[in-house]
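The structure displayed is predicted, hence computed values, not measured ones. Values below: every heavy atom of this structure, side chains too, minus hydrogens, waters and symmetry copies. A note on names: the letters A, B, ... follow the listed sequences, proteins ahead of strands, and every chain is numbered from 1.
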Amino acid sequence: MELQIFGIGILTWIVFIPIVGMITILLLPDKNRNAIRWIAAIATGIQVILAGVIFAAFDRTKLGINDAESFQFMEKFSWITVEAVPWVGRIEINYFLGIDGLSVLMIILTSIIAFIGVISSWNIDKMVKGYFTLYLLLVTGMMGVFVALDFFLFFIFWEVMLLPMYFLIGLWGGPRREYAAIKFFLYTFVGGILMLLTMLALYFSVAYTDPATGQSVHTFNILHMMNPANYVDGGLLSGVDTTWRYVAWMALFINFAIKIPLFPFHTWLPDAHVEAPTPISVILAGVLLKLGTYGLLRINFPIFPDATVYFIYFMAALGMISIIYGAFCAMAQDDFKKLIAYSSISHMGIVVLGIAALNTQGMVGGVLQMFNHGIITAVLFLSVGVLYDRTQKRGLYDFGGIANQMPKYTGLAMIGMFAALGLPGLNGFVSELFSFLGAFEAYKWITIISVTGIIITAGYILWTIQRVFLGETPEKLTNLKDLTPREILMFVPLIVLIILLGIYPSPAIELMNSSLSHLVEFVTGGGL
Amino acid sequence: MFIELPLIILLLPLLAFVLMIFFGNKLPRQGDWLATGMMTITLLLSIVLLITKVGFYSSETITSNFDWVVVGSKSIGFGIMIDNLAAIMLVVVTLVSTLVHLFSMGYMKGDVRYSRYFAYLGLFSFSMLGIVLTNNILLMYVFWELVGISSYLLIGHWYEKKSASNAANKAFIVNRVGDFGMFIGILILFISFSSFTFEAIFESINAGQLPFGSEGWLTAAGILIFCGAVGKSAQFPLHVWLPDAMEGPTPVSALIHAATMVAAGVYLVARIFPMLTADALLVIAYIGAITALIAATIAITQFDIKKVLAYSTISQLGYMIMALGVGAYTAGFMHLVTHAAFKAGLFLGAGSVIFAMHASLHKLHDHSTDAQDIRNMGGLKSKMPITYWTFLIFTLAISGIPLTSGFLSKDEILAGTLAFSTLYGHWLLPLIGFVVAGLTAFYMFRLLILTFHGKPVSEKIQNGVSESPKVMTIPLMILAALSLFFFYSFNPFGAASGWFYTAVERPLSVVPELLQPATYALFYEAVSSVHSTAMILSILIAAAGVLMAVAVYQWKKISADDLAKRAGFLYKGSVNKWYFDEVYNIVFVSGSHVVMRALRWFDETIIDGIVNGAATVTKVFASVSGWIDTNIVDGLVNGTASTANRAGGLLSHIQTGKVQTYLLFVLFSFLVLFVLIL
Amino acid sequence: MVEQTLHSISLYLPEIVIVVTLCVIIVADLLVKGIKQVAAWIMLAGLFVSGFFVMLQTGTTDSIFYDMAAVDPFAVFFKVLLILTGIFIVLFSMKNTELEEYSTRIGEYYMLFAGMMLGMMMMAGATNLLLMFLALEVTSISSYVLAGYTKKSTRSSEGAMKYIIYGAVSSGIMLYGISLLIGVTASTDIYAINEALNAGTEQTLILNLSVLMIIVGLGFKIAVVPFHFWAPDVYEGSPITIAALLAVASKIAAFALLIRFFSVTFIDSAGLSVTGTWSSIEGIHWDVLLGGMAALAMIVGNLTALRQDNIKRMLAYSSIAHAGYILMGLVILTSEGLTSVMVYLFIYLFMNLGAFYVAILFMNKTGTESIEGYKGFGHRSPLAGVAMTIFLVSLTGLPPTGGFVAKLYIFGAAISAGWIWLVAIAGITTVISLFYYIRVVRNMYFFKPGESDEAITFDTTSKIILFALLIPTLLLGVYFQPVLEFARNSMLMFGF
Amino acid sequence: MEILMNTTIFVPGLSHFLVVSALLFSLGVMAVLSRRNVIMVLMGVELILNSANINLIAFSRFTELSLDGQMIGLFVIIIAAAEAAVALAIILNVYNRFNTINLDEINLLKG
Amino acid sequence: MELTTILFYLFASVTLGSATIMVFSKNIVHSAFALMFTLMGVAALYVLLYADFLAATQLLVYVGGILILILFGVMLTSQGYSLSFKTITVNLLPASLISVAVAVLLIFAFLSTDWTISEVAERSDTVYDLGMLLMGDYILPFIAVGVLLLVAIIGAILMSTRLSAENNGAS
């Protein structure tokens with residue numbers, strides 16, 4: 001189905017609307033702060049609307065994953081084509097966008113989080129123009145990764161996020177912002193290089209025959225890379241279960257594991273989270289981490305099914321370690337943001353465990369957990385942000401008795417916390433349930449150990465609640481103001497989603513069910 | 001009707017919760033009438049449902065199901081199941097809840113978060129009703145956790161007190177430990193049978209399917225799910241949260257102990273009873289017995305009125321679990337119902353006393369005296385007659401004195417254990433059963449006597465005490481009435497002939513024959529044969545317990561202190577609750593603290609350290625020599641890339657600035673390269 | 001004979017225009033006194049005219065001056081790059097405070113500049129060892145003087161002296177190598193040498209020796225490890241415009257020469273295949289040699305750059321590292337590799353000149369060359385700051401900038417040729433390079449400008465020049481098809 | 001002696017000239033590397049260039065290269081002259097700045 | 001024994017001998033004169049190789065031009081008279097090691113190479129042929145070298161003359 005506005009596909013719109021906003025902002029004078037904010041809000045708001053349209057128009061039955069025919073809202077234009085010369089075939093890079101059940105939920109998530117991020121950025125006063133310019137660029141990068149089906153395009157969007165993030169953390173962040181920013185940059189850059197090299201190796205190993213001319217064309221098309229028939233003889237990554245394929249899988253995996261972040265590639269996250277300004281923490285935890293697991297599912301799994309199966313235990317084990325390790329580390333923190341950062345590691349471990357199950361429940365659970373965790377951590381970071389705005393403090397010991405002082409805030413924040421704790425009736429539970437269900441089918445003991453993570457999680461979340469919200473209100477906190485309408489506005493959509501998806505997750509699961517089932521079949525079937 | 005009515009029953013408390021949360025503060029009287037009113041409607045509807053169900057459709061199990069989600073090709077449904085068990089339980093829950101609502105209107109008057117309190121009560125009731133009504137173990141788990149969270153909210157209602165929030169945390173986390181097992185059990189069931197509904201699971205097992213093809217896993221699944229009950233019903237070894245939960249308002253304790261939270265565990269075991277293997281049941285029975293004994297021994301020495309009641313609850317729950325374990329299904333469940341009434345009554349009575357004590361102490365401006373310590377009471381009988389008399393009835397009931405409901409159910413349980421031991425041995429179970437019966441009678445009368453009889457410890461306090469308002473005493477009277485035998489069976493000495501026994505029958509086991517416990521017929525035969533023995537024994541033992549208590553505390557014939565001294569370490573252990581909290585603290589709390597600190601250290605030092613290379617070393621060096629720029633990114637450049645940087649430093653040393661040295665290098669490398677390519 | 005000469009002249013117009021420009025500048029310098037920057041404008045005009053003639057040669061493939069030089073798409077490609085660079089450098093020079101002091105001698109500056117342009121353009125087309133050496137010397141001698149142009153500065157003088165000593169020795173060694181090569185093959189034309197070698201010369205020892213000696217000379221020109229030592233000192237000493245010229249144009253020309261020399265002379269004509277992979281003549285390991293040097297250059301260049309504080313010096317080391325990346329494309333011995341070298345150079349031109357230009361702008365306004373002195377510049381001058389960031393990001397190789405495409409192609413070619421270890425080194429060193437590039441960015445943005453620091457503003461011309469560099473850098477990151485096609489078509493002369 | 005001299009091995013052939021050039025080259029290298037005075041270094045460079053020229057001219061005498069070798073030699077001499085001129089000019093300038101032309105004393109630029 | 005053989009050894013030893021003196025002499029003026037003899041020896045060797053025109057050029061350009069330039073350089077850059085004529089060596093050990101290695105390497109390479117010799121006839125007059133080549137095959141280098149000289153002259157002038165604003169230093 002084609003959805004077009006002014007002859008341009010809806011996916012292009014949703015990706016590049018922020019760029020339009022960015023250019024508009026660049027043209028405005030610095031002083032016009034409110035106009036800048038409003039433009040950012042409008043740009044991301046339009047994205048939310050477009051995401052809504054996509055949600056409504058999305059065909060839930062189509063499979064996607066490796067089948068170009070069943071991708072939706074596809075846009076494919078030749079971007080760079082260099083005709084063949086005697087020594088090498090045609091070079092082809094396409095502007096190739098499309099979504100399937102795997103990506104649609106991520107698009108919705110990205111648009112929502114981006115929009116909320118803008119609202120929560122409202123009180124940023126330092127270099128407003130620069131801030132929103134970078135912010136919108138970042139949003140385009142994120143959105144682009146989720147819709148790109150050409151590896152080259154995917155990579156460009158992937159790396160486009162780096163620099164804005166570096167500045168957003170480095171310029172608007174906390175006291176150790178520089179350290180955090182460079183650490184983030186370095187880690188992801190290393191991953192990016194690994195991905196670049198793998199991408200090139202894939203490019204040269206994959207060639208499809210152009211039906212029109214009969215030429216053999218090297219391509220960055222991700223879908224072509226999934227077809228074993230397209231691998232040229234003697235290519236570096238041709239064949240099945242070769243060492244180079246394992247190496248390539250590993251390289252990609254490390255790249256994505258850094259983003260996820262999976263133990264032991266996680267140490268950038270606590271620093272980045274702690275130092276980043278609230279909206280950026282929200283984006284970081286809400287969307288950026290999901291890029292890692294999304295990448296695994298979009299690239300590692302279908303392109304290297306053999307290697308995926310080979311490494312799957314390893315992956316599941318890392319997932320388990322992340323769950324337990326993240327949870328314990330979270331418990332040991334006395335910085336509110338750091339605690340949430342480590343809880344993210346733990347929760348993303350559940351995603352990894354779920355998708356490593358290689359069955360539909362696990363996969364659905366994992367992807368749903370990506371979405372849910374995005375929403376939940378967004379709430380948590382917004383909660384910290386609210387307190388930080390008022391007190392300039394983040395230490396757990398700095399608070400207490402907030403519940404008396406800010407009842408509305410406490411209510412909303414506690415829902416987020418309970419969702420993080422996996423309380424049934426809230427969305428976190430559903431995805432954790434399915435992840436564990438799937439994982440348990442595949443790995444009994446790993447799962448059992450992982451499930452102990454939820455006990456630890458309960459521990460640190462309740463402990464945090466007790467520290468921050470309960471108890472007597474100390475003297476210094478007695479004049480805190482409860483949430484402003486703007487702040488409520490940024491919480492409410494997320495809270496509504498938390499509850500809705502907790503009670504009735506079907507709308508979300510329906511979107512991805514068929515795609516993910518197909519992905520599971522595809523991978524376990526060795527890519528056939 | 002069997003779909004709409006339960007749904008309304010289920011959702012009314014939720015509606016009350018939502019309304020109270022959003023509008024409670026704005027309503028007149030902070031909306032207590034709204035919450036109570038809605039709960040009363042729920043109660044009435046439940047009674048209607050019970051009568052209809054038991055009266056007209058007694059043998060049917062009514063279920064309805066709808067698809068919740070479809071994952072892959074498996075669809076997961078949610079639904080409602082009404083059988084007699086559920087119908088009876090509905091009434092118990094709604095009844096206790098309604099009375100607690102009513103009582104709270106008096107007890108909680110003037111509380112800072114009055115409307116919030118009622119909202120949470122609604123949520124609590126909703127969650128419990130969900131457990132009761134569901135046909136599905138997953139949905140049960142969902143409500144299970146909701147019960148956990150609402151109890152968390154209620155126990156921590158006075159969260160300004162650190163002890164209250166600690167208790168709330170403890171309750172939730174300890175429960176989580178149990179739920180962990182339950183969760184794994186659920187996973188096993190779903191993986192094996194692709195369904196969450198009890199019906200489908202039982203059918204699959206009945207058809208000979210076993211989890212992972214092994215009988216051991218079936219037993220394991222049963223025990224794992226029972227773990228959930230261990231947590232919620234405060235069974236050994238997870239019973240530690242319950243006494244602490246007394247930090248919540250007393251009506252909440254009544255609700256938790258009587259009808260909602262702790263009952264859920266027993267209800268769960270009853271629900272999954274058909275799939276439990278004989279081995280699993282034996283484990284359950286022993287867990288119950290141990291719990292009953294431990295709690296009873298602790299209760300003897302406690303002085304906090306609510307603590308005594310708390311331990312008695314644990315003990316009674318152990319009874320119920322033990323009953324289910326030995327196969328005395330109906331008796332166990334019946335004890336749940338009868339216990340609900342008298343235990344709710346006991347707590348509300350205690351609440352009434354505490355309320356009065358508080359009022360009196362408040363008048364005296366005495367804030368140091370503990371209003372809940374029975375050593376500060378005594379002689380309240382005259383001041384609070386209604387409370388006293390109802391309390392007496394409850395005490396008689398819990399002690400298993402004939403003509404009370406407690407006698408009926410406890411007698412059947414003891415008969416059941418006795419029968420079980422005649423069939424399989426395991427004499428320990430009936431032995432514990434009888435010992436606990438005696439202990440129960442003893443400590444309950446001790447409580448009664450110390451609180452209401454004798455001379456007041458302090459005249460001043462006693463003078464200030466007065467009977468509680470009607471809104472509090474009426475629930476007590478209703479519950480007292482319900483603690484009498486005729487509600488359950490018209491034969492005061494045999495429950496088996498009552499409507500209850502016909503309504504609630506032990507379901508058929510679905511597990512493979514070799515793993516099954518004794519069939520119902522066989523078991524029932526055994527029970528009949530030992531019934532009179534059990535009855536006589538239980539009456540005697542209860543009487544002995546009562547007599548002992550009266551002798552020690554009323555007549556002071558025997559000195560309590562002497563007894564304590566003579567018991568020695570037993571007394572000490574009992575007073576200190578057998579050191580469970582201390583041991584857990586050391587093993588789990590400190591243990592996990594150690595682990596988490598270690599991991600944090602590991603994370604910040606090793607993992608990050610590897611990344612930062614010799615960053616730490618460099619930093620230490622920097623602070624010593626003080627010449628390295630303390631600037632952070634420089635630190636990073638000097639750190640993360642310290643090796644790189646050092647190499648860079650070396651390389652820039654080569655860059656001496658002397659052109660001849662450069663040329664030397666050039667020619668040298670020329671020679672080296674030449675040697676290399678040869 | 002005369003016809004041949006006349007025909008050749010018609011195809012050598014771009015170079016001749018430059019020579020004429022040189023003469024006109026001399027005359028103008030003597031006669032015209034009133035007009036400021038007259039030499040610059042003449043130079044600019046000359047470059048444009050020359051560029052025009054270069055464009056006319058597109059598609060021509062011919063050998064001129066008795067096989068001394070070739071006019072082919074390959075040469076045209078490099079001449080285009082050289083003239084582009086030349087134009088930018090003239091523009092840079094017109095407003096450079098460093099050169100203002102020497103305004104009375106500015107004529108000489110452009111004369112030497114013209115000489116250097118001539119030498120470089122000859123390098124791009126030379127097919128005869130003599131002409132190659134001669135062109136190299138014309139370039140070198142001009143650049144020695146240019147490096148010392150700001151002669152009042154001690155550092156400039158020192159740089160020039162080091163440069164000429166180092167250069168003279170290197171070219172001496174190279175000449176010796178050339179003499180050996182000529183001796184073994186008894187010819188001076190590279191195609192003839194290739195034929196002679198293919199005919200079966202067994203003298204691998206002496207050939208390897210001569211290859212190595214020639215590499216010493218060419219390695220000096222492209223500043224690749226271990227022949228790079230002069231570069232940082234000279235870049236730091238030179239006027240910044242000349243540093244830019246050396247880092248870009250001189251390198252481009254040397255690469256043109258290097259590529260033509262090696263990939264014509266030492267190629268096994270039997271080893272050529274349609275798939276565009278070749279092999280070197282048996283026994284002569286110039287590819288391995290250059291591969292090792294490329295790896296060394298990437299490692300040493302990037303590591304040493306970490307420690308630099310002078311922006312020119314940092315860029316010098318960075319250009320050493322980039323020489324390593326570029327060299328990768330040659331050593332993998334595929335046509336794809338050469339194409340990627342050309343793409344790389346094309347993009348390198350814009351991004352490196354861009355970085356230099358911002359440095360020039362900052363130096364003009366504040367006089368600082370120190371990276372530590374860049375603190376707060378991003379806030380004081382948003383445009384230049386952003387531009388610098390983009391150039392540096394491009395040099396790092398991050399999308400969506402040209403630098404990414406450049407690296408992509410080089411890495412891709414190397415991977416497809418199976419040189420994984422070299423690519424691995426390139427990857428690791430790219431990460432290292434992030435540090436020193438981002439450090440500049442950090443200094444520009446992560447510090448607040450001081451109270452007394454005013455905003456730095458630029459005139460329109462500077463902005464236009466900046467955009468002229470910025471837009472290609474960005475555009476090439478997302479749409480590089482024309483460059484790719486240009487490079488590819490320019491490769492056709494090799495006939496693969 | 002006469003017999004010795006008439007032995008073919010001593011009749012000056014290509015190799016003899018090449019050996020002379022090799023020795024001259026290494027002497028040039030020695031000068032370049034070891035003499036502090038920059039003018040000495042320059043002289044060393046001249047030696048290197050001369051040695052290369054000997055090669056070229058020897059090849060033109062003994063191989064098919066013929067006059068091409070001499071031609072290149074001619075150009076090299078001219079280039080050497082130009083280079084020397086420029087080099088000396090630069091050295092003079094350096095002398096004006098540093099008051100020394102000892103190479104090891106001129107190292108402001110380093111690192 | 002032929003005359004050429006004797007002459008070769010004579011000139012070769014003159015060349016190398018004076019080159020050695022040049023390299024190792026402590027006095028830079030001595031070195032310069034030794035260089036003159038070296039260059040003359042090389043010129044003589046050219047004659048032996050039938051390159052008479054080149055020999056003449058060598059004498060003219062090198063001895064007459066470059067050497068004079070160098071001597072000027074020596075004079076202009078020495079402060080006292082005899083003192084600074086002494087030049088000291090640096091890196092003596094590595095330098096000599098490398099030089100010896102280079103010499104050994106080159107000689108080994110030359111001797112182990114099987115050169116394809118094709119003896120040309122003795123030429124009476126190379127000037128005409130060279131002239132023809134210059135105007136023919138080598139026209140481009142011929143012109144280019146002209147530009148080179150032009151550039152070199154400009155450069156040399158630029159470098160060695162005083163700036164109008166410059167007050168310090170001598171030229």
Just wondering, do [Y] and [X] contact through their side chains at under 4.5 Å, heavy atoms?
X	Y	value
E/Phe72	D/Leu88	no
E/Met159	D/Leu92	no
E/Val42	D/Asn53	no
D/Leu47	E/Leu35	yes
E/Ile98	D/Met30	no
E/Leu49	D/Phe17	yes

Can you tell me which portion of [X] sits under 4.5 Å from chain D's heavy atoms? Options are side chain, backbone, both or neither.
X	value
E/Leu134	both
E/Phe8	side chain
E/Thr38	side chain
E/Leu39	side chain
E/Ala32	both
E/Leu111	side chain

Contact origin within [X] toward chain E - heavy atom pairs under 4.5 Å:
X	value
D/Leu18	both
D/Glu46	both
D/Ile79	both
D/Ala80	both
D/Ile101	side chain
D/Leu23	both

Only pairs of heavy atoms separated by less than 4.5 Å count here; which of [options] has the most with chain E?
options	result
D/Val86, D/Ile90, D/Ile77, D/Leu14	D/Ile77
D/Val19, D/Asp68, D/Val94, D/Val32	D/Asp68
D/Val29, D/Val38, D/Leu103, D/Ile39	D/Ile39
D/Ser15, D/Ala81, D/Ala84	D/Ala81
D/Leu65, D/Leu42, D/Ile78, D/Ile91	D/Ile78

Whether D/Arg35 side chain and E/Val23 backbone form a donor-acceptor pair below 3.5 Å: yes
Whether D/Gln70 side chain and E/Phe53 backbone form a donor-acceptor pair below 3.5 Å: no
Measure the spacing between [atom1] of [X] and [atom2] of [Y] and express it to the nearest 0.5 Å.
X	Y	atom1	atom2	answer
D/Phe25	E/Ile107	CZ	CD1	12.0 Å
D/Met71	E/Asp129	CE	CG	10.5 Å
E/Ile117	D/Glu64	CD1	CD	11.0 Å
E/Tyr46	D/Leu56	OH	CG	8.5 Å
E/Ser31	D/Met43	OG	CE	5.5 Å
D/Leu27	E/Ser99	CG	OG	8.0 Å

Which of the residues [options] is involved in the greatest number of heavy-atom pairs with chain D at under 4.5 angstrom?
options	answer
E/Val104, E/Ile157, E/Leu149, E/Leu69	E/Leu69
E/Pro141, E/Ala19, E/Ala12, E/Gly65	E/Pro141
E/Ile66, E/Val102, E/Leu106	E/Ile66
E/Ala109, E/Ser96, E/Ala95, E/Gly73	E/Ala95

Closest contact, heavy atoms only, E/Met22 versus D/Ala31: CE-CB, 4.1 Å
Any pair counted as ring pair (Phe, Tyr, Trp, His ring centres under 6.0 Å), so long as it reaches residues 33-61 of chain D, sequence neighbours left out: D/Phe59-E/Trp115
Any pair counted as ring pair (Phe, Tyr, Trp, His ring centres under 6.0 Å), so long as it reaches residues 139-160 of chain E, sequence neighbours left out: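 Ring pair (Phe, Tyr, Trp, His ring centres under 6.0 Å) check on residues 139-160 of chain E returns no pairs.
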Side chain to side chain donor-acceptor pair (under 3.5 Å) pairs, two or more places apart, involving residues 17-30 of chain D: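 The answer is C/Tyr176-D/Ser21, D/Ser21-D/Asn55.
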Neighbour count above 12 (heavy atom, 6.0 Å) for D/Phe98 CZ: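 Yes, enclosed.
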Residues 54-62 of chain E: residues contacting chain D (heavy atom under 4.5 Å, by number): E/Leu54, E/Thr57, E/Gln58, E/Val61, E/Tyr62
